[in-house]
Amino acid sequence: MSYHFNKIEEKWQKYWAKNNTFKAQNPPLSGEKEGAPKYYVLDMFPYPSGAGLHVGHPLGYIASDIYARFKRHKGFNVLHPQGYDSFGLPAEQYAIQTGQHPAVTTENNIARYREQLDKIGFSFDWSREVRTSEPDYYKWTQWIFIQLFESWYDQEAEKSRPISELVELFSSEGNTRVNAACDEDTESFSADEWNRFSADEKERILLKYRLTYLAEAEVNWCPQLGTVLANDEIVNGVSERGGYPVIRKKMTQWSMRISAFAERLLQDLNKIDWTESLKESQRNWIGKSVGAMVEFPILSFPKGEEKPGPGYMTGGNNAHLLLEKARENRNKPTEAEKTLWHNLRNKSLGYKFRQQHLIDDFIVDFVCLSKRLVVEVDGGIHDLQVETDEQRTKILESQGFKVIRFRNEELIGDIEAVLERIKTNLAEQPAIREKVQKAPPSGAGGIKVFTTRPDTIFGVTFMTLAPEHDLVQKITTPEHREEVEAYIEASAKRSERERMADVKTISGVFTGAYAKHPFTGESIPVWIGDYVLAGYGTGAVMAVPCGDQRDHDFARHFDLPITNIFENVDVSQEAYAGKEGTVIANSDFLSGLEYKEALNKVILELEKTGHGYGKTNYRLRDAVFSRQRYWGEPFPVYYVNGLPKMIDLEHLPLRLPEVEKYLPTETGEPPLGNATDWAWDTKNNKVVSNEMLKKVQHDRSNRDVTPSAVEGSQDNGVYPLELNTMPGWAGSSWYLFRYMDAGNPDRFVSEEAQKYWENVDLYIGGSEHATGHLLYSRFWTKFLHDRGWLTVEEPFKKLINQGMILGESAFIKRIGFNLAKSFTERLTKEEEEKYGILQGKYEIIDNIYFSSDVVDILKVSKSKPETEEELRMEETKNNILLPFYTEISKDIAENGLKNKVQPVGFFIKTYKTHVPVQFVLGNKLDIENLKKEENIYKDASFVKNEKGEFLVDCEVEKMSKSKYNVVNPDEICKDYGADTLRMYEMFLGPLEQAKPWNTAGITGVHNFLKKLWKLYHDGDEFSVSDDKPSAESLKTFHKTIKKVTEDIEEFSFNTSVSTFMICVNELTAQKCNSLEILEPLAVLIAPYAPHIAEELWEKLGNSNSVSTAAYPEYEEKYLVESTKNYPVSFNGKMRFTMELPLDLSKDEIEKSVLADDRTKNKLDGSTPKKIIVVPGKIVNIVI
RNA sequence: GCGGGCGUGGUGGAAUUGGUAGACACGCUAGACUUAGGAUCUAGUGCCGCGAGGUGUGAAGGUUCGAGUCCUUUCGCCCGCACCA
């Protein structure tokens, strides 16, 4: 009986579906699964595109499926679900073109995907399928959004907390001491002020703290797509999708405060098992850099007003800097400080303590304000401050504070004693009322810069601001205004792309303003230049031409001074960016110091003088969360008085409205602006018609106009809904948790289910999501963890990126020719013009294609054919081309061209076109079928080579419809079977590596499966014997178990397929037919080729699915050998092998080797210098 | 420029702690069989050489009894980030 894979595969796919074979159990576990450990294997769910799957898509799914099946055999309760990331652009674009509702397109595409997936025999638990575009799913996406809105980030505790707690803090102490992630422009206020604010004012302030917030921000606007894009959706300055240009634009948008999580996202990379390259991508994206924030006071103001005196920047003005410094310190406490804080916080000793608190010009480590007790810890990272400590104490005491000090060792050594002393002091101090200290507004009067090289501060010779910098308008002097305005306008016009493409052109203008060097007091000119990015750091740089190449270039271009502050380094030609091993010079108190010393010293000095502080900066920006699209999750948001309000959970999901057109409205609103029913009735909690809105609200762009502001209007409780939708990554950021408890109507995932499944043990998908999906998903997981909805902080424990499968494109060639006067001479331009032909252009011969080797012959053009071979080639060329030439020359016969120019030669150019790969076998084209199936080639002629073949050119490219190189897995399944496809995809090479697909090679794997089938059959009959297997077969089999198991565990699927091949080859040679081997062999191979394994398993007399069988155990005893075939090398080169018993001692081995004739022959009478014997391994003789 | 990764036959790729380089497969060559097929089987196949033998993992050097593997230098390719201060 031969191997009828189609029948077998259909049979088992039906069986699995009918019996729910791969359904994962949620706790409490019962039956066979009782007590089984869990394992969660997840694939990145696909976006169901209209093109369907090609053979590249299932690669990762096959790998994860093999692993999932393997884990089931090993006794795990395996969760292996699949679903669809079904919101997205293509369905919407299709809707715009055809009017077909995206939901319909999506549904159709999903059906096709499912059909294709089912044919490959995956062991997905489809009962848990999720679709991000289903209201039951996006209800919870909306819910998570609301939770983000209802949360703020406590940087002290490093976690997200409910916004209600922040409100409480504000009303008791204002915002000056709260260390929360917030907008940069947040102003400080006291508790009294807060309590006096109106409800709307409070809301506006809270928006600056919420983890998702509405703010006017510079966004990446893509006019062609009509939407904003997140940073990770832009590649090289153009949109990732479509490649359209992107410009900067100010818009009010929802954003996600992911920047608050930067440090955690960075640190926790160390906890997860991802590839180094991927972690590196994330690290790059987060872009942490450590340095200092420095403020340069502005010296000269326009109109000559406010001429600042020498004491312009005084202590009082620096308070905001110190406050920021205090925040920094709180974020990186020393071990000792942590320990102490742990014991002081939350009124542990009966009184409220504060950490890193600002008192006048000092930051103290801990203070109990009500008892006026300061607790200082010496040593650790703040030990540079030691010299000023005495002075501090004096000043603090003069203000009525008592200061007690501890050393690190005391804290770590005996915390109890320390606490005891603090308690005693607390008891002794009289209680007073806390005094609220108000910080001055941030950014008062200076240019703040971030620098990673504060040690080079004495090398500053000018400053540069980004053209968009806020201060530019304020500081530009009248004489320079015109020039500055012109420059700003010019640089605003340049798209991001242009700016990037042209990094070499140096441009900038002087503002006329000067800043004051914080240490030397010198005046420093302030310039603007577009090499400074508004979006990074503060949008301003202190320019150190001697230490930074860009600053150097700028200085040289505008003839600005270049001060050298490095000892023994020449900076006249280029900047010196090295750090280690250089000594700073010309730098006052930094002179003579090396990089590290100088860095520490200057930061200390900056902090002491209040001109700056040590600071860590991140490149990671908050993520824009609004998209001007239809096919996405609607925001559960309506607006009252221009302020966003959330719809209660019980009224979710807020369903997408129907619209007539999927394009933006005429007034430029997002597509949802076309909806006629898109207003929220807060009294009845439902979506109602826009008619219900007050007139003034119809203009939704005018969010700030309140109904009450319009005379005569009354608030009927109906408000406009948000018109934007969420981006693609919203739904995919948490889907892994939904699978754990899909369909739960009460929670996004139940506590029990999440606690049991925890997070994903193995995640497989493409590397294109390195900075998008994977970062956002980590962010949401951390957030949900902080707020107590998840027990885990990371979504994916282990992650593997499968490599892309590339397609082999085939090209067929046409030629264009240009005739020549002789073998070496072309027609001149003049001649071509005169005769009115060809015009220097190559005349393409349409509809005639040439076998690629024929073209190669045609192309050869010798200056003058000398050999007969060359002459023959030229003749061939003429013979082929002359008819076309004659054809063309008819038209020009009147010009008498023929008489004047003899077409003795042709210059040839080839033109290649993609030809569908399904008509190519190897590199030969199946012309007949091509003509039959592809209309455009119906009447084409094909010029074959001498052997009568038509050869194509092949090239490896990404698989895509437009390149006609897509290989459809359905076709492969039909022709070779799913098991063959699965094994072949694995056999192609290492999972993570990109590799070209080559259908021709599939026969090797297919033949292997046939051989496997044959092992269980005698002729046409199924036949397996009860005979004991031979020792040899047992050895073969156990060797295979060992290797395959190791390989699966290391995700080295390609080598395990080889191992199976070797095993079956050997068993076949051994004529092994024994049940004792063939039965467990079927289990061993089941993860790879499940259909054939099930069929054989059933034929062996089993009634349940092979997937329930235990994985075969490898036994060492079958592999024990008594002899070893020793390789004998001379000077490290292997010459021959020698069979020797394994129990021989070193000396005995040496003796036997030396006694061998081949050794004697090699030695040729001489004595070996040295003999190395590694028992069980090798013998090496040194001559 | 910075960071990560990779260079092995005609092709995809194997090679454990440094221990027989090229497993397995495609392709190719020759042969067998045959109611001609995209079938099956046998043998061969890194390169040079009839052979003995020599040579060989991008290149050069080093460590070692022994290097595809470790170290140094260098060349090439791929990926990520990028006027990031």
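On a predicted model such as this, the values are computed, not experimentally measured, just so you know.
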**OP:** Using a heavy-atom cut-off of under 4.0 Å over every strand shown, decide if A:D551 touches base, sugar-phosphate, or nothing.
**Re:** nothing

Original post:
From B:C24, B:A82, B:A39, pick the nucleotide closest to the side chain of A:K1010?
Top reply: B:A39

Original post:
Touch check for A:N1007, heavy atoms < 4.0 angstrom, all strands: base, sugar-phosphate only, or nothing?
Top reply: sugar-phosphate

**OP:** Identify whether any heavy atom of A:N1054 sits under 4.0 Å from a base atom; if not, whether one sits that close to sugar-phosphate; answer base, sugar-phosphate or nothing.
**Re:** sugar-phosphate

**OP:** With the side chain of A:T1003 defined as its heavy atoms from C-beta on, choose the nearest nucleotide among B:C26, B:C24, B:C65.
**Re:** B:C26

**OP:** Between B:A25, B:A23, B:C84, spot the one nearest the side chain of A:R550, thanks.
**Re:** B:C84

**OP:** For A:D553 and A:Q549, test the side chains for any donor-to-acceptor distance below 3.5 angstrom and give the result as yes or no.
**Re:** yes

Original post:
With respect to the side chain of A:Y976, which nucleotide from B:A25, B:G38, B:C26 is positioned closest?
Top reply: B:G38

Subject >> Touch class at under 4.0 angstrom, heavy-atom based, for A:T451 against every strand present >> reply: sugar-phosphate

Original post:
For atom P, what is the distance between B:C50 and B:C28, given to the nearest Å?
Top reply: 25 Å

Original post:
In the structure shown, which nucleotide is the Watson-Crick or G-U wobble counterpart of B:U20, with both distances under 3.5 Å?
Top reply: none

Original post:
Between B:G46 and B:G61, how far is it from one C1' atom to the other, in whole Å?
Top reply: 25 Å

Original post:
B:C70 pairs with which nucleotide, Watson-Crick or G-U wobble, both distances below 3.5 Å?
Top reply: B:G62

Subject >> Nearest to side-chain heavy atoms of A:D530, which nucleotide of B:C65, B:C83, B:C81 >> reply: B:C83

Subject >> A:Q993 backbone acceptor or donor facing A:K995 side chain under 3.5 Å >> reply: yes

Subject >> Candidates B:A14, B:A85, B:G3 - which lies nearest the side chain of A:E280 >> reply: B:G3

**OP:** Give A:R621 one of three labels, base, sugar-phosphate or nothing, depending on what nucleic acid heavy atoms sit under 4.0 Å from its own.
**Re:** nothing

Original post:
When all nucleic acid strands are considered with a 4.0 Å heavy-atom cut-off, which category describes A:S277: base, sugar-phosphate, or nothing?
Top reply: sugar-phosphate

**OP:** Report which part of the nucleic acid A:N1180 touches: base, sugar-phosphate, or nothing (heavy-atom distance under 4.0 Å, all strands).
**Re:** base

Subject >> Closest to the A:R619 side chain, choosing from B:A85, B:A25, B:C84 >> reply: B:C84

Original post:
Can you tell me how far P in B:A23 sits from the matching atom in B:A15, rounded to whole Å?
Top reply: 13 Å

Subject >> Expected output: side-chain A:Y976 to main-chain A:V1005 donor-acceptor under 3.5 Å >> reply: no

Original post:
Among B:G12, B:A23, B:A85, which is the nearest nucleotide to the side chain of A:S1058?
Top reply: B:A23

